[in-house]
Every structure is written in structure tokens, then in C-alpha cells.
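Worksheet: the structure to be examined is printed underneath.
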Amino acid sequence: MNIQPVVISGAGPVGLVLAMRLGHMGIACTVLESAPELVRGLRASTFHPPTLDMLQAHGITAGLIAAGLIAPTWQVRMHSTGQYAEFDLSVLKDETAHPYRLQCEQWRLSELLLAHIQTNLPHVQVHWGSPLIGFSQTDHSVKVQYQSPDGQLNQLEASFLVGADGGHSTVRKQLNLEFDGLTFPETTILATTRFAFHEHLPSLSYINYCWSERGTFSLLRLRDLWRVSLYQDEGESIEEATSETAVQQKMQRIWPRHEAYDVLEIRPYRIHQRVVKQYVTGRVVLVGDAAHLNSPSGGMGMNGGIHDAFNLSEKLGDILQGQSGLEALALYERQRRPIAISHVLEQSGRNRARMQERDMSKRQAAMEELQRKASDPVLHKAHLLNTSMITGLRESAALT
């Protein structure tokens with residue numbers, strides 16, 4: 001049996017970025033995906049500046065920008081009073097080629113990556129409807145079992161296996177690794193609508209995190225619609241909260257109107273804050289949501305996973321091209337796991353905690369502190385370097 005350099009479990013954005021990067025290094029790899037085709041459901045939609053910088057090197061960013069919406073600012077808002085603190089990413093113009101957030105559905109990135117791979121990288125193969133079933137490893141290789149769409153069991157032997165298979169990662173579970181952390185009590189209800197909130201709410205940005213009298217919500221604009229994140233009312237079951245009636249009621253509180261909102265899609269999801277005990281086990285490596293899950297507040301999850309993939313591709317490339325040994329994988333873990341904890345998990349957790357605050361005086365104090373940061377050039381830039389994930393990447397690169 002020929003040994004494949006790399007097998008990747010999971011054809012989401014993280015797995016496909018890793019496959020593309022390895023492909024451009026001349027490294028053959030096979031991507032195994034359990035879904036029969038690309039999933040175009042409601043997932044992440046915010047791309048941060050350094051992610052756009054990374055993808056630009058492969059010609060991917062231009063396609064994302066064409067499909068998305070450039071968001072030069074983002075806000076935290078007090079819905080009842082109209083107060084807001086606004087952060088302007090143009091202050092990062094000397095730090096990044098893309099001083100803004102890009103609002104674009106993550107499946108559009110996957111489409112672009114697949115097209116790029118199919119056109120340019122014939123030694124990268126993506127197998128749909130082919131879930132990883134199991135694996136075993138020695139000091140020299142990993143034997144991977146997977147099921148093809150016709151139900152047949154197949155086996156590949158690889159130098160490395162990468163689990164990019166999400167929060168319910170089969171790879172992580174079969175490694176019996178602890179996924180430490182917690183699940184928050186609230187459920188987020190994501191709904192989409194074509195209603196033009198920006199034509200009715202004064203000074204609205206494209207990205208808005210909002211305190212309201214009944215709790216909190218967020219409004220994120222894409223090219224053709226708005227994504228609205230809502231939450232259960234006190235005493236309301238998730239079944240009740242996700243009903244068409246309840247979603248309509250919650251959106252009517254944001255902007256009352258005589259007719260119903262055209263709600264296109266409703267998706268509930270739980271919020272987790274978890275990180276795996278170790279990213280590397282021999283020749284098996286975890287990336288993205290398989291390694292860390294966080295609150296979506298601030299849009300750091302997908303971006304952090306893509307940053308994992310760029311870092312890991314460098315390490316795998318060095319090993320497979322004979323420039324380093326397996327110790328390079330230990331460096332990947334040292335550089336990415338602490339950053340996932342100190343920046344991705346903690347920052348997104350702080351974002352969530354701030355927006356979940358119900359005490360009006362504490363909300364007001366938080367608003368005034370955010371406005372102070374936004375009005376002070378030094379604090380403003382430092383806050384944006386951190387929330388845009390630039391600081392974390394710089395700290396990661398400094399770890400040896």
C-alpha cells in the first residue's frame with residue numbers, strides 16, 4: 001500500500017485551507033468528508049483582516065470580497081437609547097492589507113477553495129460521502145479506514161492524519177482526548193431576513209452587538225440579507241423560542257412594523273467554550289473546532305481554525321520536505337493552543353459576558369468604557385489589534 005503524505009478528515013473551510021496549502025507545497029493529500037456535498041447552511045460569516053491577508057497569497061480573497069460586504073466599522077449599541085460605541089478598522093491600515101471585516105458566508109470560502117483545488121491541484125483529492133470510520137498509528141504512519149458512498153470500507157495509509165472534522169470530531173473522540181470547558185446555558189437563535197434594518201435604525205453599522213430591554217441581540221449584514229442573533233425569553237423553551245411566532249415577536253421588538261418579517265431561515269445552536277487537552281498525538285493532529293470551540297461573539301472561531309491550518313501546513317511541509325522532524329508538530333501545539341485559550345476563548349467569552357449583562361448600571365458603565373476606548377487613538381488601535389486577532393497571531397509567532 002502506498003503511503004499518502006496527509007489525510008484530512010473534514011472538508012469545511014479549515015480542512016480545505018489546509019489541503020490547499022499543502023497542495024501548493026507539492027504535497028499530495030486526501031480529504032475525507034462525511035457529507036455528500038458542500039453544506040451551505042448558516043455558519044460563520046465574519047472574516048478578520050489577518051485571515052484575508054493569508055488567503056490573498058493564494059488568490060482567494062478577491063473572490064470573497066466579490067461575494068461579500070466590506071464592513072469598515074463595528075458597534076456595540078444600547079437599543080433603547082440609540083447610544084453606541086463604534087470601532088473603525090481603518091486605524092489598522094498600517095498593520096494589514098485589509099483594514100476591515102468582511103461579511104461573507106463561510107460556504108462561499110469553501111466553494112472558492114474547492115474550485116481552486118480542482119483547477120490547480122490535481123494531487124489533492126476530496127472524497128464526499130466518505131466518513132472516517134477509524135484509524136491506528138505506528139511510529140511511522142497512520143492507517144485510516146473510511147466508508148465510500150457505496151458503503152464499501154476502504155483503507156489508506158498516511159504519514160499524518162489531521163482531524164478538521166468540527167466540534168463533534170470523530171478523530172478527537174477516537175483519541176479519547178478530554179475536551180475541557182463548558183456549555184453556556186443560553187441557546188442562540190440565528191435568523192435571516194431581507195428586511196433593510198439599516199434604513200430604519202439610525203447610524204447602524206454592518207456589524208452590531210445590541211443590548212435591549214429584554215436581553216440582547218446582534219445584527220450582522222451580508223450582501224443580500226441580515227443575520228439576526230436572538231435569545232430565549234425567560235421561561236421560554238427552545239422549542240417555543242424557535243417557532244415562527246416567537247422569532248417574529250423578537251424581531252418586531254427590534255423594529256416594529258405592521259407586516260411580518262420575511263424570515264428565510266432559523267437555526268438554533270448552543271454556545272460552547274472548550275479546548276482539547278492536546279492538539280498532537282503522535283502522527284495525528286487536531287485543527288479548528290475539533291481542537292477548540294468558543295462563543296461566536298466576535299467571529300473568532302472559523303478565523304482561528306484557518307489560522308491553525310496555515311500554521312500546521314508550514315510544520316507538515318517542513319517535516320515532509322525533510323527540513324525538520326516531528327518536533328515541528330510540538331511547536332504547532334505550543335504556538336496555537338495557548339493562543340486559542342488566551343485570545344480566542346477568553347476574548348469571545350468576554351464578548352459574550354458583556355452582552356449577557358442584564359444590570360442596566362453595569363451595561364451603562366461598559367458602554368462608557370467602550371466609548372472611551374473608541375475615542376482614544378492608542379486604546380482604539382490596541383483594542384482592534386486584539387479583537388481582529390492580529391495581536392494573538394503575533395504572540396503565536398513569537399513562541400518557540
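None of the values given here were measured: they were computed from a predicted structure.
Checking S229 against T188 by side-chain atom types alone, no donor-acceptor pair falls below 3.5 Å.
Residues that satisfy the side chain to side chain contact (heavy atoms under 4.5 Å, CB included) test with Q335, not counting sequence neighbours, are N311, K315, L331, S396, L399. The side chain to side chain contact (heavy atoms under 4.5 Å, CB included) search around A19 returns I8, C29, V31, I117, V124, not counting sequence neighbours.
Contact detail for T216 and S212: the closest heavy-atom pair is N-OG, 3.8 Å. Considering every non-hydrogen atom in both I238 and Q232, the closest pair reads N-NE2, 3.4 Å. Across V171 and L286, no two heavy atoms sit closer than the pair CG1-CD2, 3.8 Å.
Look at D233 and R253 and you find a salt bridge, because one of the NZ, NE, NH1 or NH2 atoms lies within 4.0 Å of a carboxylate O, short of that distance.
The aromatic rings of W74 and H383 are tilted relative to each other, their planes meeting at an angle between 30° and 60°.
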Please report the C-alpha distance between E111 and R40 in whole Å, then the side-chain angles of each, then the deciding distance to 0.1 Å, and finally whether the salt bridge (charged side-chain N to carboxylate O under 4.0 Å, His left out) criterion is met. CA-CA 10 Å; E111 278 192 338; R40 292 175 173 80; 2.7 Å; yes
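Residues F217 and H79 bring their aromatic ring centres within 6.0 Å.
In this structure, R336 fails the cation-pi test against Y279, since its NZ or CZ atom is not both closer than 6.0 Å to the six-membered ring centre and inside 45 degrees of the ring normal.
Residue pairs meeting the ring pair (Phe, Tyr, Trp, His ring centres under 6.0 Å) criterion with at least one member in residues 103-152, sequence neighbours excluded, are H24-H116.
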